[in-house]
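For reference, the structure discussed in these notes is given below.
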Amino acid sequence: MQKLQTSDFDKISLTAFMVSLARRFTDIPYAKELAQLVELQRLIELSEPENQNKSVLLTARVEARYKAINQVMAQYQIAQVLELASGLLPRGLFISSDPNITFIETDLPAMIRCKQQLVQQLVGERPNLHFLSIDATSRPSQFLKSSEQLTPGQPVMILCEGLLTHLNVAEKQQVCANVREMLSSYGGVWITPDFIDTASLSQSLQDDPDLQKLLQTGSNLTGRSLVDNNFGTLEAARQFAYEQGFRVVEHSMLNVIDQLSCLEILGIDAEVVKKMLAAQSVFALTVDVA
Ligand SMILES: C[S@@+](CC[C@H](N)C(=O)[O-])C[C@H]1O[C@@H](n2cnc3c(N)ncnc32)[C@H](O)[C@@H]1O
């Protein structure tokens, strides 16, 4: 893979291209268009295993988490969204077609610049779709960069998928502190599938040897282990969230099994996917606002 970045976190950005490739095998709006632009413009040169390896369970998980977040979002009447570590996610592109929603995509500087250029090529500029460089772990918090776009006194929906899973405990705590601060001043909710446990991950690795290969590629790229950086059990993940000051409501990822287009596109055995999703949840986290 071509080397684009240097910092420790920037190495995680390379995995955004891997999950974007997985989303090509789904019906998620704009997913194919974004992945095609990345390939056409050779933004990143993927070596053979990174480009060709498809893990059916990675694709199913990536599609499920995207759709499960959307399903939970629909339960809230919140018109301003702050998405952390957006990578090549197409959600902002899709949701900002509603002019009543303010959508702020954030990521590390190089990644968010790249994303903004791709989005502009696809749909041009939109007054309600913004791009900010925010390191989600930074203390003091960089989240306040978004205050210009956000309406004070209105709640905010914070999203993130596939970031916490790469971070160590101290880094996760920093993200939690930044989110807590934000929710304490605006109100709202943090929706994320990133509180995952190693036990369910190990089960998926057994069920799909290609996932094992892809995760190994990911670890080689990032220098970080997905297995070591996640929680031993789901109970430990819950406990961690409580200790960081959040109330948690869990939504099973099984709720979106009927929406998964990749099952048919890739000919995936629904039972294996059901087993994986049964062990995974999207957390909706809130704080008590004084
Ligand atoms: C696995 S990718 C997921 C991207 C996207 N959320 C998705 O689901 O396709 C991880 C993302 O985290 C971003 N990232 C890594 N470290 C970060 C940090 N400290 N703050 C914000 N974003 C970060 C990377 O640039 C990359 O886009």
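Source: prediction; values computed, not measured. Atoms within a ligand are numbered from 1 in the order they appear, just like the ligands themselves.
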Test item, D10 contacting ligand 1 (heavy atom, 4.0 angstrom): no
Pair [X] + [Y]: basic N to acidic O under 4.0 Å:
X: K67; Y: D27; value: yes
X: K115; Y: E83; value: no
X: E250; Y: R238; value: yes
X: E39; Y: K32; value: no
X: E171; Y: R139; value: no

For ligand 1, which atoms have a heavy atom of [X] less than 4.0 angstrom away?
X: V19; value: 7 (C), 9 (O)
X: T137; value: 19 (N)
X: I134; value: 20 (N), 21 (C)
X: S13; value: 24 (C), 25 (O), 26 (C)
X: G87; value: 4 (C), 27 (O)
X: R23; value: 7 (C), 8 (O), 9 (O)

Write out the residue and atom name of the closest protein heavy atom to [atom], then the distance separating them to 0.1 Å.
atom: atom 7 (C) of ligand 1; result: L89 CG, 3.5 Å
atom: atom 20 (N) of ligand 1; result: A136 N, 2.8 Å
atom: atom 2 (S) of ligand 1; result: T15 OG1, 3.4 Å
atom: atom 14 (N) of ligand 1; result: L163 CD1, 3.7 Å
atom: atom 8 (O) of ligand 1; result: R65 NH2, 2.8 Å
atom: atom 13 (C) of ligand 1; result: D107 OD1, 3.4 Å
atom: atom 3 (C) of ligand 1; result: E161 O, 3.8 Å

Side chain, backbone, both or neither: which part of [X] has a heavy atom under 4.0 Å from ligand 1?
X: L84; result: neither
X: D135; result: both
X: S86; result: backbone
X: H166; result: side chain
X: E171; result: neither

Best match, S138, G162, A110, A85: closest heavy atom to atom 6 (N) of ligand 1: A85
Minimum-distance pair of heavy atoms, taken over all atoms of [X] and [Y]:
X: C262; Y: T26; answer: CB-CG2, 4.3 Å
X: R126; Y: S97; answer: NH1-N, 3.6 Å
X: Q149; Y: T102; answer: O-CG2, 3.8 Å
X: G162; Y: R65; answer: CA-NH1, 3.7 Å

Pair D8-R224, salt bridge (Lys or Arg N to Asp or Glu O under 4.0 Å): steps then yes or no: CA-CA 9 Å; D8 188 39; R224 289 162 177 261; 2.8 Å; yes
Residue from R61, R23, R91 passing salt bridge (charged side-chain N to carboxylate O under 4.0 Å, His left out) with E161: R91
Cation-pi, F231 ring and K172 (6.0 angstrom, 45 degrees): yes
